[in-house]
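To keep things clear, I will list the structure first and then write my remarks on it.
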Amino acid sequence: MMLQIRGLTKQFHVAGKSIPIVNIPQWNVEQGEKIAITGPSGSGKSTILHLISGIMTPDAGEIIIGSRAIHEMKEHARDQFRADCIGYILQDFYLIPSLTARQNVEIAMRGASGSSSERKDKIEAWFEKIALSDRMNHLPSQLSRGQQQRVAMVRALIHEPTLVLADEPTGSLDAETAEEVTELMLELCKSVKNTLLVVTHDLKMAERFPRQVHIHDINFNQSQSHRNRVTPKECVV
Ligand SMILES: Nc1ncnc2c1ncn2[C@@H]1O[C@H](COP(=O)(O)OP(=O)(O)OP(=O)(O)O)[C@@H](O)[C@H]1O
């Protein structure tokens with residue numbers, strides 16, 4: 001089993017009130033599965049990815065990735081585990097604007113094993129896979145949004161993480177580019193055999209996945225809706 005979640009709960013405290021967001025009694029994901037998680041805005045999808053990646057800690061419950069118990073790790077161990085074993089793909093890419101596409105990927109390879117020429121070959125091979133060999137020395141601002149997301153995918157995948165988490169990866173792309181990026185993401189994850197969990201509003205994208213999960217089928221905290229959304233300045237975690 002790649003991911004096992006048991007009795008996972010998380011609530012946020014806002015303006016003196018506790019708002020339950022996550023309540024997952026049990027959820028299992030097998031090694032190598034590709035899953036699209038759909039559901040309404042504010043239903044806790046991003047929060048669940050934050051808990052799985054250890055960016056956020058739960059109030060209670062267990063999260064086991066492979067044989068590692070994330071919920072038992074101290075912050076430093078979680079950070080290390082995330083750097084080694086998890087790839088994160090986000091809606092807004094977050095490429096560093098002053099660095100070229102190649103340099104953005106090189107950053108993700110700091111500390112990786114192998115000689116510098118092996119690392120160079122690896123980067124070049126990945127840029128070939130995403131058909132951007134001729135754009136490696138371009139700045140993000142010189143790339144289209146779809147190209148930027150392709151570079152961001154390489155940055156997330158080049159260290160071959162066992163688990164890839166993607167939060168609305170096509171959310172800021174037009175429909176045609178979204179489809180291309182989805183296909184490429186599935187293909188790249190298939191080639192390195194990692195497990196992929198994608199949160200998306202895009203039902204067309206979700207249909208491309210062998211397994212689709214509606215958030216309310218795993219998260220039994222169904223009281224949440226967009227009505228409960230709060231602005232960041234009200235947030236106290
Ligand atoms: N740090 C925080 N403090 C307080 N409330 C929060 C915090 N982060 C998220 N929330 C609330 O938790 C709920 C779930 O948020 P989350 O971002 O996980 O939903 P989502 O399903 O990913 O939404 P979307 O599809 O719009 O991105 C929302 O009501 C949100 O306002």
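The basis for the numbers below is simple: all heavy atoms, side chains too, and nothing from hydrogens, waters or symmetry mates. Order of listing sets the numbers, starting from 1, for every ligand and every atom in it.
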M2 vs I65 side-chain heavy atoms within contact, under 4.5 Å: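 SC-SC contact between M2 and I65 confirmed.
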State, with a plain yes or no, whether a side-chain heavy atom of F93 is found less than 4.5 Å away from one of V151.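 In short, these two side chains do not touch, never coming nearer than 4.5 Å.
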Option whose closest heavy atom lies nearest to atom 13 (C) of ligand 1, chosen from I21, V14, I19: I21
Report the member of I37, T47, I48 with the shortest heavy-atom distance to atom 16 (P) of ligand 1. T47
With side chain to side chain donor-acceptor pair (under 3.5 Å) as the test, pick out the partner of S172 among R145, Q148, Q91. R145
Under 4.0 Å from any heavy atom of [X], which atoms of ligand 1 are there?
X   : value
S46 : 17 (O), 18 (O), 20 (P), 22 (O), 27 (O)
S41 : 23 (O), 24 (P), 25 (O), 26 (O)
K45 : 18 (O), 19 (O), 20 (P), 21 (O), 22 (O), 23 (O), 24 (P), 25 (O)
P40 : 21 (O)

Is it the case that ligand 1 has an N or O less than 3.5 angstrom from some N or O of E168?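 N/O-N/O distance under 3.5 Å: no.
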Indicate yes or no: does an N/O atom of G42 lie under 3.5 Å from an N/O atom of ligand 1?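 There is such a contact, yes.
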K193/E160 ion pair, N-O < 4.0 Å: no
Would you call K120-E124 a salt bridge at under 4.0 Å N-O? yes
Is L163 reachable from I64 through a run of hydrophobic residues whose side-chain heavy atoms are each under 4.5 Å from the next? no
Linked, directly or transitively: I86 and Y94 (ILVMFWY side chains, under 4.5 Å):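 Yes: a chain of side-chain contacts under 4.5 Å links I86 to Y94.
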Determine, using heavy atoms of H201 and all atoms of ligand 1, whether some pair is separated by less than 4.0 Å. yes
